[in-house]
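In what follows, every chain begins at residue 1, and chains take the letters A, B, ... in the order their sequences are listed.
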Protein chains: 2
Amino acid sequence: MSAPTRRERLRATTLSEIKDGARRLLVTGGVEAISLRAIARDMGMTAPAIYRYFPNLEALVGALAGDLYDELRGIIEAARDAAGGKPVDQLTAMCRAMRHWAVAHPAEFSLIFGNPVPGVAAFTDACADAEHPGARFGAVFLAPFLALTRGAALPGPPADVLHQQLGCHLTPLTAKHGELPIEVAYAFLSAWTRLYGLVAMEVFGHLAWAVDSPGALFETELAALLGQLRGAPDGGPPAGNGDGPPAGSARH
Amino acid sequence: MSAPTRRERLRATTLSEIKDGARRLLVTGGVEAISLRAIARDMGMTAPAIYRYFPNLEALVGALAGDLYDELRGIIEAARDAAGGKPVDQLTAMCRAMRHWAVAHPAEFSLIFGNPVPGVAAFTDACADAEHPGARFGAVFLAPFLALTRGAALPGPPADVLHQQLGCHLTPLTAKHGELPIEVAYAFLSAWTRLYGLVAMEVFGHLAWAVDSPGALFETELAALLGQLRGAPDGGPPAGNGDGPPAGSARH
DNA sequence: TAGTCATAGTAAACGGCGTTCACTTCTGAG
DNA sequence: CTCAGAAGTGAACGCCGTTTACTATGACTA
């Protein structure tokens, strides 16, 4: 298994060249610009040859989405590892890395976090249990979140109200991560949807009518969110020691 | 100007028939399923005839997006008007109406609130100042929001910190609505992005890995959000007197 | 009423697309 | 050396958006 044959090497390079071409088209023209004929043309091939590597266009787009999930997850994990040991700094760096990647790669972000595209939807549904890419994302954010909120007075309704309102509707989340207190699970989902809403609205252009520099709004919102989690009175910034600007004006 | 000629009447009906067909295709197959040839086929026409009504496919999709904006805005305004005079009840009803429409019409929601689609992006950029559809949406939510938060102790950083961090980056929003205190503008944007993130994640299927009944999470989150705005200690539900379920399990 | 003219529609065509099928070339294992 | 299978080609089918030339017809005017 150690020595790949010559054919296997050629196949691997061709496969990655196909996905590189697909991503180039995605970046320049959006999802609908990805076409087998254009990819093959850029490679000096003909379109039917791609069918030796993917059963159809949708499967190619799905595989591309999977690669993008892994890429973003790696970036976020790297930001976490470079942020020191304090959970609040780790979470801050991870959220900033997420936004930074999304703003720098809007087409890629749209592919994996926007409208379900046929290929991506199939890819998302196919691995719905343990290896779901969204679930792995959640797990990455969940660990420092748990560390941060351990023993803290979380915002939101008290546990009994949560049990009454949410009941067992969070089982898909709690079943994956052992015994997760319901107030922690709720606080995590609340924070995750807040982060998503902020980043997605910026990337999709739905914030341009109201905000001049979305980066500033993001930093303010991030500070408020992490401050609320720690029970702070919504005060100062969360120790922006890492790479991101504590109160800057990120450029798009 | 009162009596439209026969030709004008025919033209109007044909135009709405075209948009009806486009919407039908949008609902059944997503944005990429909208095709001039399919619309014309359903109408018993040929595709080039549609060019008498729209310069190209993108313009048709943009017009459809504009209609959907108006439809959703009308529904939200109706929910507001049916919710009585208390701002908190109005906001509750409006948020519920927004989610209800989004869940009931995922394709339409995706078209106007998801990834920028060529035609929709052009439509969105074209009227970027006063008549921006997102801006009119914001205005609809802004009025009861202002009434609710008047004199209340808003969550989030104090005004001086906001001035330092956000500075004049909120001018696109404040310039449209007179003198808007910066803490109100920030609280409004924070609430709006939270609502968007919650609804968009549910509609796009990005919440299925964690939550069983997104409706329950929505109700909990909505109660917490409105409770925070009123300065309440994150307690009881916000007087669900209207139509929506106070703690129900909305079906998808 | 007869004439004119813009309007609404058609048919044909062009290029691009995903996908299939028959066919050729070439690699690598026995 | 042989040969099965992998990789790639070319042609074709049906779909698509869009353009062009052309026709019928409703509406206004002399």
Side-chain angles (χ1 to χ4, degrees), chain A residues 1-22 24-26 28-65 117-123, chain B residues 1-22 24-26 28-65 117-123:
Chain A
M1 89 167 33
S2 62
T5 87
R6 169 180 153 78
R7 252 228 277 257
E8 286 170 341
R9 269 185 290 118
L10 284 182
R11 181 175 181 85
T13 58
T14 305
L15 198 139
S16 69
E17 193 179 352
I18 290 172
K19 291 200 282 195
D20 287 351
R24 207 174 310 122
L25 291 170
L26 170 70
T28 57
V31 199
E32 66 261 21
I34 305 178
S35 82
L36 296 183
R37 290 186 126 109
I39 297 171
R41 210 180 301 126
D42 292 349
M43 296 173 62
M45 283 195 346
T46 60
I50 303 184
Y51 284 82
R52 301 287 174 187
Y53 298 87
F54 295 98
N56 49 38
L57 175 63
E58 281 189 11
L60 196 162
V61 175
L64 182 58
V117 174
V120 182
F123 167 77
Chain B
M1 93 172 20
S2 61
T5 85
R6 168 177 155 80
R7 256 230 272 258
E8 285 171 342
R9 269 185 291 120
L10 284 180
R11 182 176 180 84
T13 59
T14 305
L15 198 139
S16 69
E17 193 179 353
I18 291 173
K19 291 200 283 195
D20 286 351
R24 208 175 309 123
L25 291 169
L26 169 72
T28 58
V31 197
E32 67 262 20
I34 305 178
S35 82
L36 296 183
R37 290 187 126 108
I39 297 171
R41 210 180 302 125
D42 291 350
M43 297 173 61
M45 284 196 344
T46 60
I50 302 185
Y51 284 83
R52 301 286 174 189
Y53 298 87
F54 296 97
N56 50 37
L57 176 63
E58 281 189 11
L60 196 162
V61 175
L64 182 58
V117 174
V120 183
F123 166 77

Exercise. Given atom CD of Glu17(B) and atom P of dG9(C), what is their separation to the nearest angstrom?
Worked result: 10 Å

Exercise. To the nearest Å, how far apart are Met43(A) CE and dG8(D) C1'?
Worked result: 11 Å

Seminar exercise, completed: side chain to side chain contact (heavy atoms under 4.5 Å, CB included) filter on Arg11(A), not counting sequence neighbours, yields Tyr53(A)

Exercise. Can you tell me if the side-chain N/O atoms of Tyr53(A) get under 4.0 Å from OP1 or OP2 in dG8(D)?
Worked result: yes

Problem set entry | Integer-rounded Å distance: dT18(D) P and Asn56(B) CG | 5 Å

Exercise. Closer to the 5' end of DNA chain C via nearest nucleotide, is it Ala47(A) or Thr14(B)?
Worked result: Thr14(B)

Seminar exercise, completed: Those residues at least two apart in sequence (or on a different chain) that pass side chain to side chain contact (heavy atoms under 4.5 Å, CB included) with Asp20(B) are Arg24(B)

Would you list the protein and nucleotides 28-30 of chain C atom pairs, both N or O, that sit under 3.5 Å from each other?
residue	atom	partner	partner atom	Å
dG28(C)	OP1	Arg7(A)	N	2.7

For this session: Mind checking side chain to side chain contact (heavy atoms under 4.5 Å, CB included) for Arg52(A) and listing every partner two or more places apart, or none if nothing turns up?
Result: none

For this session: Would you classify Phe54(A) as touching base, sugar-phosphate or nothing, given that sugar-phosphate means primed atoms plus P, OP1 and OP2, and contacts are heavy atoms under 4.0 Å?
Result: nothing

Exercise. Under 4.0 Å: is that the gap between some side-chain N or O of Thr46(B) and OP1 or OP2 of dG9(C)?
Worked result: no

Problem set entry | Euclidean distance, Leu60(B) CG relative to Ile50(B) CD1, rounded to 0.5 Å | 6.5 Å

Exercise. When the distance from CD of Glu32(A) to P of dG18(C) is rounded to whole Å, what number comes out?
Worked result: 13 Å

Exercise. How many Å lie between CG on Leu60(B) and P on dG17(D), as a whole number?
Worked result: 10 Å

For this session: Take atom CZ of Arg52(A) and atom P of dT20(C), then tell me their distance rounded to the nearest Å.
Result: 12 Å

Seminar exercise, completed: Across all chains, not counting sequence neighbours, the side chain to side chain contact (heavy atoms under 4.5 Å, CB included) partners of Leu26(A) are Val31(A), Ile34(A), Leu64(A), Leu68(A), Ala107(A), Glu108(A), Leu111(A)

Problem set entry | Protein-nucleotide distance (Arg11(A), atom CZ; dG5(D), atom C1'), rounded to Å | 12 Å

Problem set entry | Nearest heavy-atom neighbours spanning Phe54(B) and Ala63(B) | CE2-CB, 3.7 Å

Exercise. Please give, in whole Å, the distance from dT9(D) P to Ile50(A) CD1?
Worked result: 10 Å

For this session: List the atom of Ala40(A), the atom of Ala47(A), and the distance in Å for their closest heavy-atom pair.
Result: CB-N, 3.6 Å

Seminar exercise, completed: Interatomic distance, CZ@Arg41(B) vs CG@Leu36(B), rounded to 0.5 Å, equals 11.0 Å

For this session: Would you mind classifying the nucleic acid contact of Tyr51(A) as base, sugar-phosphate or nothing, using non-hydrogen atoms under 4.0 angstrom?
Result: base

Exercise. Which pair of non-hydrogen atoms, one from Asn56(B) and one from Tyr51(B), has the smallest distance, and what is that distance?
Worked result: CA-CE2, 4.1 Å

Show me the protein contacts with nucleotides 13-16 of chain D, counting only N or O atoms at under 3.5 Å.
residue	atom	partner	partner atom	Å
dC16(D)	OP1	Ser35(B)	OG	3.3
dC16(D)	OP1	Arg41(B)	NH2	3.4
dC16(D)	OP2	Arg41(B)	NH2	2.4

